[in-house]
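A quick write-up on the structure given underneath.
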There are 2 protein chains.
Amino acid sequence: MAVSKAEIERRMERLAQTCRGGRLKLTHQRMEVFRELAGAEDHPDAETIYQNVRRRVPAISRDTVYRTLATLEEQGLVHKAEILSGRGRYDANMEHHHHFICTECGRVHDFYSRTLDDLPIPRSVASFGRVESAQVQLRGICANCAKGKR
Amino acid sequence: MAVSKAEIERRMERLAQTCRGGRLKLTHQRMEVFRELAGAEDHPDAETIYQNVRRRVPAISRDTVYRTLATLEEQGLVHKAEILSGRGRYDANMEHHHHFICTECGRVHDFYSRTLDDLPIPRSVASFGRVESAQVQLRGICANCAKGKR
DNA sequence: TCTCTAAACAAGAATGATTCCTATTCAGGA
DNA sequence: TCCTGAATAGGAATCATTCTTGTTTAGAGA
Ligand SMILES: [Mn+2]
Ligand SMILES: [Mn+2]
Ligand SMILES: [Zn+2]
Ligand SMILES: [Zn+2]
């Protein structure tokens with residue numbers, strides 16, 4: 001099911017409010033990049049958004065799309081899935097475990113939890129496909145970074 | 001606490017067995033890359049592994065490190081944390097939700113679960129730092145890809 | 001409505017991580 | 001010991017993203 005017209009409108013309105021609230025300009029580019037996401041359910045990447053917006057705003061640049069997405073994320077208007085910097089991180093610990101990730105320095109800590117190993121997966125997920133692994137990701141600020149900030 | 005000598009030995013032995021089992025050669029480079037991970041607890045990235053192994057195998061190339069890590073992952077000897085291809089994926093849905101990710105095509109589906117929103121975080125995690133968000137990630141093969149394979 | 005200026009933008013170069021290419025080496029079975 | 005496919009070294013190429021520089025513009029204030 002697609003995002004409803006009403007929900008898209010509500011989201012666009014929230015963008016306008018947020019811009020007025022902060023000292024953000026409500027530019028054409030900003031609106032079109034956000035509109036693209038307001039109506040999407042498929043978690044498009046920056047390049048896809050760029051290609052779609054380009055049809056309406058031919059002169060828009062990739063940089064603007066990336067910059068705008070970062071701004072929207074800062075403002076809590078969109079959500080960036082995945083990612084912990086660009087680098088893959090490896091581990092020879094193959095016991096089932098979970099991760100605490102410091103969003104400041106990238107440190108990754110393992111933790112274990114019998115309860116979390118056996119999560120109750122909603123039945124609805126079955127319609128998406130076959131689940132092969134489940135993992136809990138905690139994000140936050142590690143003790144070290146918290147200390148450094150003071 | 002560091003990984004025990006005994007555990008490192010056990011892991012190195014498993015590498016040897018896996019290589020013998022498959023048609024994989026037990027090369028010097030392969031052993032040294034894995035040894036680096038067998039003793040580590042800090043989820044090093046490829047570059048860090050490269051720099052460390054280089055002290056023992058000066059001629060090793062980055063490509064070999066990357067290739068070896070991929071091989072070790074295929075063999076179930078190491079685990080790659082994070083990452084779903086290289087691209088960030090965006091979403092304007094800011095309700096708390098979780099993700100099902102198809103490891104084949106990268107499709108991302110949202111799902112909701114009151115139970116998963118309120119996970120029991122082990123007390124031990126508090127020592128790592130302050131948790132700011134918790135999210136469940138399911139990985140698997142989506143219905144579409146499963147169909148295509150047959 | 002007009003003016004002004006910090007914010008935002010376009011274009012393309014630069015960067016950083018990873019993968020690819022090609023010639024060379026070598027592990028390990030015969 | 002020999003042989004061959006697997007694996008490697010070194011460097012170019014690619015891909016996503018960020019940076020730099022000069023230009024445009026939203027919107028506050030006159
Ligand atoms: Mn781990
Ligand atoms: Mn989502
Ligand atoms: Zn940190
Ligand atoms: Zn798929």
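Worth knowing before you read on, the calculation uses all heavy atoms, side chains too, and leaves out hydrogens, waters and symmetry mates. Lettering follows sequence order; numbering is per chain, from 1.
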Footprint string (nucleotides 5-13 of chain C, 5' to 3'): B base within contact, S backbone only, - free, heavy atoms under 4.0 Å:
-BBSBBBB-
Verify same cluster id: [X], [Y] (apolar side-chain graph, 4.5 Å):
X	Y	value
B:L69	B:L77	yes
A:I101	A:L116	no
B:V136	B:Y112	no

Check whether any side-chain N or O of B:H96 sits under 3.5 Å from a backbone N or O of B:A134 as a donor-acceptor pair, and report yes or no.
yes
In this structure, how many angstroms lie between the [atom2] atom of [N] and the [atom1] atom of [X], rounded?
X	N	atom1	atom2	value
A:E47	D:dT18	CD	C1'	15 Å
A:E73	D:dT18	CD	C1'	15 Å
B:R62	D:dA12	CZ	C1'	14 Å
B:L26	D:dG5	CG	C1'	17 Å
B:Y50	D:dT8	OH	P	14 Å
B:D45	C:dT19	CG	P	13 Å

Give the table of side-chain donor-acceptor pairs shorter than 3.5 Å for residues 15-31 of chain B, with sequence neighbours excluded, one pair per line with atom names and distance.
from, atom 1, to, atom 2, distance (Å)
B:T18, OG1, B:R14, O, 2.7
B:T27, OG1, B:R30, N, 3.1
B:R30, NH1, B:K25, O, 2.8

Counting just side-chain N and O atoms, does A:Y66 come under 4.0 Å of either OP1 or OP2 of D:dT17?
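A:Y66 to D:dT17 OP1/OP2: side-chain N or O found under 4.0 Å.
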Parallel, tilted or perpendicular for A:H109 and B:F128, by the 30°/60° rule?
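Correct class here is parallel.
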